[in-house]
**Student:** 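Here it is, the structure, as C-alpha cells.
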Amino acid sequence: MPYTDYSRIEKKWIEFWDKQKTFHTDLHDFSKPKYYVLDMFPYPSGAGLHVGHPEGYTATDIIARMKRMQGYNVLHPMGFDSFGLPAEQYAIKTGNHPEAFTLKNIENFTNQLKMLGLSYDWSQTVSTCDPSYYKWTQWIFKQLCEAGLARYVETPVNWCEELGTVLANDEIIDGKSERGGYPVVRKNMKQWVIDITKYADRLLEGLDELDWPEPSKVAQRNWIGKSVGAKIDFKVDGTDESFTVFTTRCDTLFGATYCVLAPEHSIVDKITTPAQKNEIEAYKKACASKSELERTELNKDKTGAFTGAYAINPANGNKIPVYISDYVLTSYGTGAIMAVPAHDTRDFDFAKKFNLPIIPVLAGGNVENEAYTEDGLHINSGFLDGLNKQEAIDKMIGWLEQNKCGKKAVSYKLREWIFARQRYWGEPLPVIHLENGEDVLLADDELPLTLPEMDDYKAHGGNAPLENATDWVNVTVNGVKGKRETTTMPGSAGSSWYFLRYCDPHNGSVFADYDLMKYWMPVDFYCGGKEHLVGHLLYSRFWTNFLFDKGLVPCKEPFKKLFHQGMVLGENGEKMSKSLGNVINPDDIVRDYGADVLRMYEMFMGPVADTKPWNTANIEGVKKFIDRIYRLYFESDVITPAPNKNLEKLYNQTVKKVGEDYMALKVNTAISQMMIFVNAVYKEISEGKNFPLEYAEGLVKLLNPVIPFITEEIWSTVLGHNDTIAYESWPVFDESKCGEDSFEYAVQINSKIKCKLSLPADYGVKEIEEAVKANAEVAALINDKQIKKLIVVPKRLINIII
RNA sequence: GCCGCCGUGGCGGAAUUGGCAGACGCGCAGGACUUAGAAUCCUGUCCGCGAGGGUGCAGGUUCAACCCCUGUCGGCGGCACCA
C-alpha cells in the first residue's frame, strides 16, 4: 500500500529542502515585515530527543511556516545550550574530552530535528560551547564588570562536596543536589556574583508591556519579591553600636518585644556580653555546619541564643533583648528583625520557646495561643491608637523620618546571581588574579579565552578542575605574576543572550550587528517550558536590559510573546521516566508512522499549552486522516477547476478557523476543522460532485504547517508545481461567505429546551419575537399561559418565561 | 504553609468565554464491499425504557452557569522561616 510508506517521501523532501536552502533566512533582507519565532534551545543530551521536544518545536514550526506563507520574513533558528554537567561527568568517567561528546550529541540532535521536518535554517545555528560564541559571552561579562554589576566577593554558597561544585538554588531539591541527590551545605566562598537586584525594579516594570501568560508574570513578580516597608535603627543599650531592621509592618513597632539577628550578622560579636559568649559561639557553630536539608527540615522548631545585649525600641524607649536565630536570614532584608510575637507566627513561636513578652498592638485577636495575623485597629501603640493599617504605617514612617531613626525602604527576595561553578565544561571567566591583589580583565583581543586541554577533569579538594591545568592557570601580566580565575560561568550565562546572536550568528567583530538586531529583535514568539521562568527568562531579560542601557541592543525586553508548551506524560498519565518504563521515543514513532503523523498527532493530543498523556491508540486515528488526505489527492480524479457551491461556506469557515487556531496554538481544533472539511469533500465525491482546484490547493496550504512532507509531495506531484509550497501565499477567506443563511434556534420554555425553530440568520430581536409568537408549535407548547418575559438573543437562543 | 494550574462520556479532548454540553478523533456496536480477513466506505454511540438527569462535591447569583461568586474535596507544578 503506497500511502502507508511515507519514509520515501520524507527522505526526498529533507534532501530537497537542504539542497535548495529552502529555509535559509537572508538576515540582511529588510524588505518585508519580520517575524522572529524561537524555541528555547535544548541541552544536547546523550539520550537524544524525547517526545516532549517535538511538541514545542512543531508548534513553533507551524507558526513559522504559516508566517512565511503570509509574506513575513521569518527568523526561525535552532541551536544548542551545550555547556553542562552531563558532558563533564561523562568526561570524568571516560577520560574523553567533553567537547567531542557534546559535538556528537549535537550532530545526533540535528539529524533527529531534520527528520521531523522542522524548518530551521541550519546554516545559521548557534552553540554556546563554541569559542566563537562564548567569546562574546565573556565579552558581555566584561561589560558587566566594567559597569560594576559583576563583583568578586565573599558570599555564602550552596556547596556540594560530592559534585565538587557550587550549586544554584534551582539546582537543589529538598536540600540535596538535583543531580545525584547529594547533600548540600552552606559555605562562604570568594567568587563572582552579578548583582541582578540592581535591575529588580526594571524587571518588574518591564513585565507590564509583555504579552506573557499572566501566571508567568505572577511567578516572576513573586520571585523578584518586592516588599515595601521601612528600615528602623535600634541602638544597643549601653554601647555606641546600633543595627537596622527591615520590616513591612513598622506600624507594629510598639509590639516589638525583642530583636533577632542572623547568626552571621557582623554586629553579633561586638554586642555579645562576656557571660553569653560561649552560648553564642556554640550556636553560631551549630548553624554553620547545618546543611541546607537540616535547615528546611527543622523549620517548625525555633532555636536561638541570647546575646546578653538589649536594644532600645525607638517608639517607647523600652529595653528589649537581642537574640540570634537562624530563622533570620542574612540574605534577606538587613539580616536583622524586630520581633512582634503578637502578630507574627514565627516570632510568636520563638517568644513562647524563650518566654518573651507578647504585647498585642492590633485589636481583634486573642494572642494567648497563637499569633493574630489579621488586620485590626491599633491598640497599645501611643500615637497610632485607633488607626487602621495604612494610616498607621504612613504615620509611623513620618515619625521615624522625623526622629531620624528610620525611613521608608524596599526589599527584594531576588538574590545576587552567583556567576561561578567549580566545573570544567563552562565558559572560562576572562579574569586574572594578580599576586599584588589586583584583579584584571583580559583585553578584548585576548578573547575568547579558551579552555585548556586536560588529562583529568575531576575537581580535587575544594578546587575547581581548572586548577589542575597549571600551565594555563599561571600567567604573568606586565611582569607581575598571577593566576587565572579557575571557576567557569554557570549554564545560564550562554543562554542569556543567544537570541541576540541568531540575528547575526557569524559576526566576528561584534556579538551582533546593531542594525540587524534593530530589525529582528525582539523575539515575536518564544516557546519553552515553564521550568525556565525564574532562571533563564529572568537572566535573559536582565542581560538585554543591561545591554540596552549600554546602547548595544535596541530593545529592553527580548521576548514580546511567551508561550509554554505543556508536558507530555506517559500513557499511564504519569511523568515519563526510565524507571516507570513509560518513555516514548520519537524515533520509533517516525520509523513506524512517519514524521507527519508524529507532528500531527502531537498537535491533535490537545492544546499545546496543556499537560496531556500520550496515547498510542490515537496515533492510528491521525494516521487514518493523513491516509485519507493522501487518497483524496492521489487516488481520486475529482480535482477540477469547476467551482462547487456546496463547499464554499465550509471552505471559508475552515480557512478562517485554521488561521486563528494556529496562532493561538490550538492546533487540535484546527485539525478537527480540517477533518470536517475533508469529510465534507468525501461526501461530495460520493454524490458525484467535484473537489474544486482552488479548495484543493487551499487545503494543502492549510495542512502544510502541520504535515509539511506529504503536502509538499501533493503540491508537486498531484498539483503539478515545480517549487516548494513553503512560500506560496496563505489562503484567504471571505467573511461574508463564512456565515450561515439561517440559524436553528433552540426554543426554551422556562429555560428548558422544548423545540427548534429555524429562522433567517439576519433576523433581529423584533423579527425573531414576531416569528416566535406566530409559530404554531411554540403556541401549542405555551398553551394559553401568560408570557411573562421573552428573551431573544440573535444567533444564540430563545427563552420564553411563562 | 504560601503561590500558580487543572478536575467534562469507556478514552484524548470540544463548547463562539454567561446562551442547544459532549464538536473532532479513538474505542465500541451494526451494516456495505469481500470466499474470508486486512484496508476502505456508510450508520449509531453521555446516562436513563421513560418523564428526566448530567461538566469532582455543596451552596449562591442569573431567564440562562463547564464558564462568575462562596465553601469543600482531589490531582499536578513551583517556592519554602522573605520579616
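Residue numbering restarts at 1 for every chain, and letters A, B, ... go by the order of the sequence lines.
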**Student:** Give the B/S/- string for nucleotides 25-30 of chain B, one per nucleotide from 5' to 3', where a protein heavy atom under 4.0 Å of the base yields B, of only the sugar-phosphate yields S, and otherwise -.
**Tutor:** BSS---
**Student:** Give a yes/no verdict on a cation-pi contact between A/R541 and A/W212, requiring under 6.0 Å between NZ or CZ and the six-membered ring centre and an angle within 45° of the axis.
**Tutor:**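 Yes; both conditions hold, so A/R541 lies above the ring face of A/W212.
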**Student:** Name all residues meeting the side chain to side chain donor-acceptor pair (under 3.5 Å) criterion together with A/K413; count only those two or more places apart in sequence or in a different chain, and write none if there are none.
**Tutor:**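 Applying side chain to side chain donor-acceptor pair (under 3.5 Å) to A/K413 gives none.
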**Student:** Does OP1 or OP2 of B/G52 have a side-chain N or O of A/K754 closer than 4.0 Å?
**Tutor:**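 Checking B/G52 against A/K754, a side-chain N or O does come within under 4.0 Å of OP1 or OP2.
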**Student:** As a test of your reading of the structure, name each stem of RNA chain B as range with range, where a stem is three or more consecutive Watson-Crick or G-U pairs at under 3.5 Å.
**Tutor:**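 For RNA chain B the paired stretches long enough to count as stems (3 pairs minimum) are B:1-7 with B:73-79, B:10-12 with B:24-26, B:27-32 with B:40-45, B:56-60 with B:68-72.
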**Student:** Who pairs with A/D211 by side-chain contact (heavy atoms from CB on, under 4.5 Å), at least two apart in sequence or on another chain?
**Tutor:**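 Here the qualifying residues are A/K561.
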**Student:** If you check every side-chain atom of A/K575, which of B/G77, B/A83, B/C24 has the closest atom?
**Tutor:**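 Nucleotide nearest to A/K575's side chain: B/G77.
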**Student:** Rounded to whole angstrom units, what separation is found between the CG atom of A/D344 and the P atom of B/A83?
**Tutor:**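 To the nearest whole Å, that distance equals 9 Å.
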**Student:** Where the side chain of A/R796 is concerned, which of B/A83, B/U17, B/G53 is the nearest nucleotide?
**Tutor:**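 Minimum distance to the A/R796 side chain belongs to B/U17.
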**Student:** How about A/Y258 and A/F350: are their ring centroids closer than 6.0 Å?
**Tutor:**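 Centroid separation for A/Y258 and A/F350: below 6.0 Å.
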**Student:** What about A/K756, does its side chain sit under 3.5 Å from the base of B/C20 through a donor-acceptor pair?
**Tutor:**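 Check passes, donor-acceptor contact within cut-off.
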**Student:** Would you mind telling me which residue lines up with the more 5' stretch of RNA chain B, A/N668 or A/G335, judged by nearest nucleotide?
**Tutor:**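 Final value for this comparison: A/N668.
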**Student:** In whole angstrom, give the distance that lies between atom CD1 of A/I626 and atom P of B/U40.
**Tutor:**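 Going from CD1 in A/I626 over to P in B/U40 covers 14 Å.
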**Student:** Tell me: CD of A/E571 to P of B/G12, nearest whole Å?
**Tutor:**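 Rounded to the whole Å, the gap is 12 Å.
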**Student:** Any pair with a residue in residues 788-802 of chain A that passes salt bridge (Lys or Arg N to Asp or Glu O under 4.0 Å), sequence neighbours left out, goes on the list, sorted by first then second residue, please.
**Tutor:**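 Matches after skipping sequence neighbours: none remain.
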**Student:** Are A/S216 and A/H564 linked by a side-chain donor-acceptor pair shorter than 3.5 Å?
**Tutor:**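 Note: A/S216 and A/H564 side chains meet the donor-acceptor criterion.
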**Student:** Which whole-number value in Å describes the distance from A/L569 CG to B/G7 P?
**Tutor:**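 Taking atom P of B/G7 as the reference, CG of A/L569 is at 14 Å.
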**Student:** Between A/K226 (NZ) and B/A83 (P), how many Å, whole number?
**Tutor:**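 So the NZ-P distance, A/K226 to B/A83, works out to 14 Å.
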**Student:** Can you find a side chain N or O atom of A/R221 that sits less than 4.0 Å from OP1 or OP2 on B/G4?
**Tutor:**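 For B/G4, OP1/OP2 do not have a side-chain N/O of A/R221 under 4.0 Å.
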**Student:** Report the residues that fulfil side-chain contact (heavy atoms from CB on, under 4.5 Å) with A/P586, sequence neighbours left out, ordered by chain and then residue number.
**Tutor:**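 For A/P586 the side-chain contact (heavy atoms from CB on, under 4.5 Å) partners, ignoring immediate neighbours, are A/L49, A/V51, A/P54, A/L598.
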**Student:** Restricting to salt bridge (charged side-chain N to carboxylate O under 4.0 Å, His left out), what partner residues turn up for A/K284, sequence neighbours left out?
**Tutor:**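 Applying salt bridge (charged side-chain N to carboxylate O under 4.0 Å, His left out) to A/K284 gives A/D269.
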**Student:** Among all residues two or more places apart in sequence or in another chain, which pass the side-chain contact (heavy atoms from CB on, under 4.5 Å) test with A/T244?
**Tutor:**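 By the side-chain contact (heavy atoms from CB on, under 4.5 Å) rule, A/T244 matches A/K231, A/D233, A/T334.
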**Student:** Restricting to side chain to side chain donor-acceptor pair (under 3.5 Å), what partner residues turn up for A/E735, sequence neighbours left out?
**Tutor:**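 For A/E735, the residues satisfying side chain to side chain donor-acceptor pair (under 3.5 Å) (neighbours in sequence not counted) are A/K656.
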**Student:** If each of A/Y682 and A/N222 is mapped to the nucleotide of RNA chain B with the nearest heavy atom, which maps nearer the 5' terminus, i.e. the 5' end?
**Tutor:**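 Nearest-nucleotide comparison on RNA chain B picks A/N222.
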**Student:** Give a yes/no on whether any side-chain N or O of A/T611 is located under 4.0 angstrom from OP1 or OP2 of B/G77.
**Tutor:**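 No, because none of the side-chain N or O atoms of A/T611 sits under 4.0 Å from OP1 or OP2 of B/G77.
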**Student:** Residues in ring pair (Phe, Tyr, Trp, His ring centres under 6.0 Å) with A/F743, at least two apart?
**Tutor:**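 Residues passing ring pair (Phe, Tyr, Trp, His ring centres under 6.0 Å) with A/F743: A/Y745.
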**Student:** Pick base, sugar-phosphate or nothing for A/E744, based on heavy-atom distances below 4.0 Å to the nucleic acid.
**Tutor:**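 A/E744: base contact, heavy atoms under 4.0 Å.
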**Student:** Heavy atoms under 4.0 Å is the rule here; annotate nucleotides 60-66 of chain B 5' to 3' with B where the base is hit, S where only the sugar-phosphate is, and - elsewhere.
**Tutor:** ---BS--
**Student:** Checking A/F563 now: which residues fulfil ring pair (Phe, Tyr, Trp, His ring centres under 6.0 Å) with it, not counting sequence neighbours?
**Tutor:**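 A/F563 satisfies ring pair (Phe, Tyr, Trp, His ring centres under 6.0 Å) with A/F525 only.
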**Student:** In whole angstrom, give the distance that lies between atom NZ of A/K413 and atom P of B/C3.
**Tutor:**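 Those two atoms, NZ and P, are 11 Å apart.
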**Student:** From the options B/A14, B/G4, B/C41, select the nucleotide whose nearest atom is closest to the side chain of A/V218.
**Tutor:**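 Per side-chain heavy atoms of A/V218, the pick is B/G4.
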**Student:** Using a 4.0 Å heavy-atom cut-off, does A/T334 contact any base of the nucleic acid, only the sugar-phosphate backbone, or nothing at all?
**Tutor:**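 No contact.
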